[in-house]
Participant: 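My questions will all concern the structure given below.
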Amino acid sequence: MSFLVRIPSFEEPFTTDTGGNAYGAKLITQGEPLYSTFHPGHHMPAVYYTYAFVFKSFGNGHKQVKIFLAFWTVMATFLIYMLGEKLYGSSTGLISASLFGLFSAGVTTEGTSAQIELFANLPIIATMLAFYLSESKNSRCFLPLVGVFGAIAFLFKAVYVMVLLSVTCYLLWELFRSMNISSFRRFVNKNLLIYSGFVMALIPVTMYFYFNGLFSELLSVFTLGASYSGETLYVSRFLYKGFTRTLIEFRENSILWVLTVANIIILFRKGQWHLRSNQLMLLWLLFTIIEVSFSGYFFQHYFLLLIPPMSIFAGDGIVKILKLLKQEGKLLDSIGSLFIVFILASTPILFFAVNYAYYKNYFEYKTGKRSKEVFLGSFVDSPLTTNRIAEYIKMNTKENDYIYVWGYEPYIYYLSETKCPIKHVWPISMGYLDVKKQAQLQRQIFENDTKYIVLLSSSPAWLSKGIDDLYEWKTSIDGKSIYARR
């Protein structure tokens, strides 16, 4: 199921964020390390090198990345089964894996894209599985792996270190439950093994950027990330965005939310919250909520991080409800069985009902009843305008010519086979730099023989002045102006 529901996404081109991933990866394949000629702002390197690996191994294109991601998600689904089975039994494992495979491909949460979260879920789940195996088997050989998987998640986005913090909090709680010297030693030793694995995994990455003279640029990810997360300082805006975006996401994943909340209520009412498995899951869910809300922007694809823990909670919730009804007698046992059948049958029906337009347009496109443009228009982030602009630029430039796009569509560089004259392609990242660096980058745009400037939104005063002095209006595509060098 996990693979099948993603088949329509193979036709879906890169969009805003994933187009940036593809542009950075393409430069890497051309021998330009990340942070040298392209700086992704607050983003860590893993996703760009993953894309680059796919481009080098299977060819340059969105379809190759999407197929690779489909197999990647199948592996994540298998790990969800293993984790659910180890925590709560095989029934929970099977149901959890089915829920994850389905809901991780939701259109509203951009599960059909190739966002960072879809890649990061695999090492995050692996971190939790390795840690639980260590605890359940009382074996420390898994602990360095916990750190290694946690480091891989961290290399996708720095905030994903939360998965290791949830593990550390679990160990801290275990320490507080039995405060003595031997418990303290166990706590220290376990953390040393975990974080030694974390550090060992980061050393080769750090050395790579250091020997390429880019270590300071790698470190700048954290200062830019701190600025990016400033949205959380505006409490009213933070709460409003969190509430409204969650409501949007709830429409697609309502079953997961309802069953997760029901399960949490049951385990607290039954006094089961203190069980090792439940404590670990509660901490994972809590720290994942912190991950989703950390920046304060609540973009829909952030909610993909909630799918793994909620799938396990929901799967276990279904099994728990059935067991509770069984305890009440044969009549309620029969009702419970019907309830489970109803939930399992209605879940895919509800999922496909919410995403009806997407799958309907795909089917009609494949059967020749609709054009590809109609299908592409059913995405959360339609790339049609971007494609048209890129086609125009490509027809009027040579490969690796400089153009500058004011806006949030680095995908234009990738499609048109051109380059940005500055490394900070995202306007928001440039805005976080000091005034001197901003002025230097602004001069660079006009000094590098930039052939075209594309305005996707209203331009700041410095850019308008440069356009007036050196450029002339050429055309507009879907209301976006394109200027050529005189």
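Computed from a prediction, not measured in an experiment: that's the story for all the values here.
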Participant: Are the side chains of L122 and F156 in contact, using a 4.5 Å heavy-atom criterion?
Facilitator: no

Participant: Could you check if a side-chain atom of L202 sits within less than 4.5 angstrom of a side-chain atom of L155, using non-hydrogen atoms only?
Facilitator: yes

Participant: Closer than 3.5 angstrom, by distance alone: can the side chain of N180 be matched with the main-chain N or O of S182 as a donor-acceptor pair?
Facilitator: yes

Participant: Just by distance, no angles: are the side chains of Y414 and N21 close enough, under 3.5 Å, to form a donor-acceptor pair?
Facilitator: no

Participant: Where the side chain of Y160 meets the backbone of E291, is there a donor-acceptor pair that is under 3.5 Å apart?
Facilitator: no

Participant: Which heavy atom in F38 sits nearest to a heavy atom in G24, and how many Å separate them?
Facilitator: CD2-CA, 3.5 Å

Participant: Is it true that S293 and Y302 share a donor-acceptor pair across their side chains at a distance under 3.5 Å?
Facilitator: no

Participant: Output yes when a side-chain donor or acceptor of W72 lies under 3.5 Å from a complementary backbone atom of F119, and no otherwise.
Facilitator: yes

Participant: Does atom CZ of F363 have more than 12 heavy-atom neighbours, drawn from other residues, nucleotides or ligands, at distances under 6.0 Å?
Facilitator: no

Participant: Contact between T288 and M162 at the side-chain level, heavy atoms closer than 4.5 Å - yes or no?
Facilitator: no

Participant: Does a side-chain heavy-atom distance below 4.5 Å link W273 with Q279?
Facilitator: yes

Participant: Could E11 and K63 be called an ion pair, given the rule that one side-chain N must be under 4.0 Å from one carboxylate O?
Facilitator: yes

Participant: Could you pull out the closest heavy-atom pair between T112 and K66, with the gap in Å?
Facilitator: O-NZ, 3.2 Å

Participant: Would E32 and K419 pass as an ion pair if we require N to O under 4.0 Å?
Facilitator: yes

Participant: Run the side-chain contact (heavy atoms from CB on, under 4.5 Å) test on I28 and F55 for me, step by step, so that the C-alpha distance in whole Å, both residues' side-chain angles and the decisive distance to 0.1 Å come before the verdict.
Facilitator: CA-CA 10 Å; I28 291 167; F55 289 168; over 6 Å; no

Participant: Can you tell me if N278 uses its side chain to pair, donor with acceptor, with the backbone of Q272 under 3.5 Å?
Facilitator: yes

Participant: Side chains of residues 254-269: which donor-acceptor pairs under 3.5 Å do they make with residues two or more places apart or in other chains?
Facilitator:
unit_1 : atom_1 : unit_2 : atom_2 : d
W257   : NE1    : E249   : OE1    : 2.6
T260   : OG1    : L256   : O      : 2.7
T260   : OG1    : M310   : O      : 3.3
N263   : OD1    : K320   : NZ     : 3.2
N263   : ND2    : F313   : O      : 2.8
N263   : ND2    : D316   : OD2    : 3.2

Participant: Please confirm whether the backbone N or O of G317 pairs with a side-chain atom of Y88, one donor and one acceptor, at under 3.5 Å?
Facilitator: no

Participant: Determine, step by step, whether S134 and S139 satisfy the side-chain hydrogen bond (donor to acceptor under 3.5 Å, both in side chains) criterion, reporting the C-alpha distance in whole Å, the side-chain angles of both residues, the deciding distance to 0.1 Å, and the verdict.
Facilitator: CA-CA 5 Å; S134 171; S139 171; over 6 Å; no

Participant: Which class fits the ring pair H43 and Y48: parallel under 30°, tilted 30 to 60°, perpendicular over 60°?
Facilitator: tilted

Participant: Fit a plane to each ring of F14 and Y51, take the angle between them on a 0 to 90° scale, and name the class: parallel (under 30°), tilted (30 to 60°) or perpendicular (over 60°).
Facilitator: tilted

Participant: More than 12 heavy atoms of other residues, nucleotides or ligands under 6.0 Å from CE of M75: yes or no?
Facilitator: yes

Participant: Could you go through the side-chain contact (heavy atoms from CB on, under 4.5 Å) check for I194 and L171 one step at a time?
Facilitator: CA-CA 11 Å; I194 289 171; L171 292 174; 4.0 Å; yes

Participant: Other residues, nucleotides and ligands only: do more than 12 of their heavy atoms fall within 6.0 Å of CZ on F68?
Facilitator: yes

Participant: Return the minimal non-hydrogen interatomic distance between A153 and I124, and the atom names on each side.
Facilitator: CB-CG1, 3.8 Å

Participant: Do any N or O atoms from the side chain of K423 and from the backbone of Y35 form a donor-acceptor pair under 3.5 angstrom?
Facilitator: yes

Participant: I'd like to know if the side chain of S36 reaches the main chain of P33, judged simply by a donor and an acceptor atom lying under 3.5 Å from each other, with no hydrogens or angles considered.
Facilitator: yes

Participant: Looking at side-chain heavy atoms only, is the closest gap between V5 and Y359 below 4.5 Å?
Facilitator: yes

Participant: Run the ring pair (Phe, Tyr, Trp, His ring centres under 6.0 Å) test against Y413 and tell me which residues pass, sequence neighbours left out.
Facilitator: Y23

Participant: Counting neighbours of OH on Y210 that are heavy atoms of other residues, nucleotides or ligands and sit closer than 6.0 Å, is the number greater than 12?
Facilitator: no

Participant: Check this for me: I181, atom CD1, are more than 12 non-hydrogen atoms of other residues, nucleotides or ligands nearer than 6.0 Å?
Facilitator: no

Participant: Check whether NZ of the Lys or CZ of the Arg K86 lies under 6.0 Å from the centre of the six-membered ring of Y132 and within 45 degrees of that ring's axis.
Facilitator: no

Participant: Among side-chain atoms of S96 and S311, is any donor-acceptor pair under 3.5 angstrom?
Facilitator: no

Participant: For a side-chain hydrogen bond (donor to acceptor under 3.5 Å, both in side chains) check, start with the C-alpha distance between R186 and S183, then their side-chain angles and the critical distance, and finish with the verdict.
Facilitator: CA-CA 5 Å; R186 281 197 303 272; S183 297; 3.1 Å; yes

Participant: Ignoring hydrogens and geometry, is there a side-chain-to-backbone donor-acceptor pair from E252 to V107 under 3.5 Å?
Facilitator: yes

Participant: Do T16 and E409 get their side chains close enough for a donor-acceptor pair, meaning under 3.5 Å?
Facilitator: yes

Participant: With a 4.5 Å limit on heavy-atom distance, are the side chains of L87 and T92 in contact?
Facilitator: no

Participant: To the nearest 0.5 Å, what is the distance between CD1 on I80 and CD on E85?
Facilitator: 13.0 Å

Participant: Calculate, to the nearest 0.5 Å, the distance between atoms CG and OG belonging to L69 and S9 respectively.
Facilitator: 7.0 Å

Participant: Check E135 with R140, please: is the shortest side-chain N to carboxylate O separation under 4.0 Å?
Facilitator: no

Participant: Please give me the minimum heavy-atom distance between Y411 and P13, naming the atom from each residue.
Facilitator: OH-CB, 3.5 Å

Participant: Counting only heavy atoms from other residues, nucleotides and ligands, does the tally under 6.0 Å from CZ of F71 exceed 12?
Facilitator: no

Participant: Run the numbers on E110 and Q300 for side-chain hydrogen bond (donor to acceptor under 3.5 Å, both in side chains), then give the verdict.
Facilitator: CA-CA 7 Å; E110 299 182 50; Q300 291 307 121; over 6 Å; no

Participant: Taking atom CZ of F103 and atom OG of S98, what is their separation to the nearest 0.5 Å?
Facilitator: 11.0 Å

Participant: Among residues at least two apart in sequence or on other chains, which ones pass side-chain contact (heavy atoms from CB on, under 4.5 Å) with S220?
Facilitator: H39, E217, T223, L224

Participant: How many angstroms lie between atom CG of N253 and atom CG of L99, to the nearest 0.5 angstrom?
Facilitator: 10.0 Å

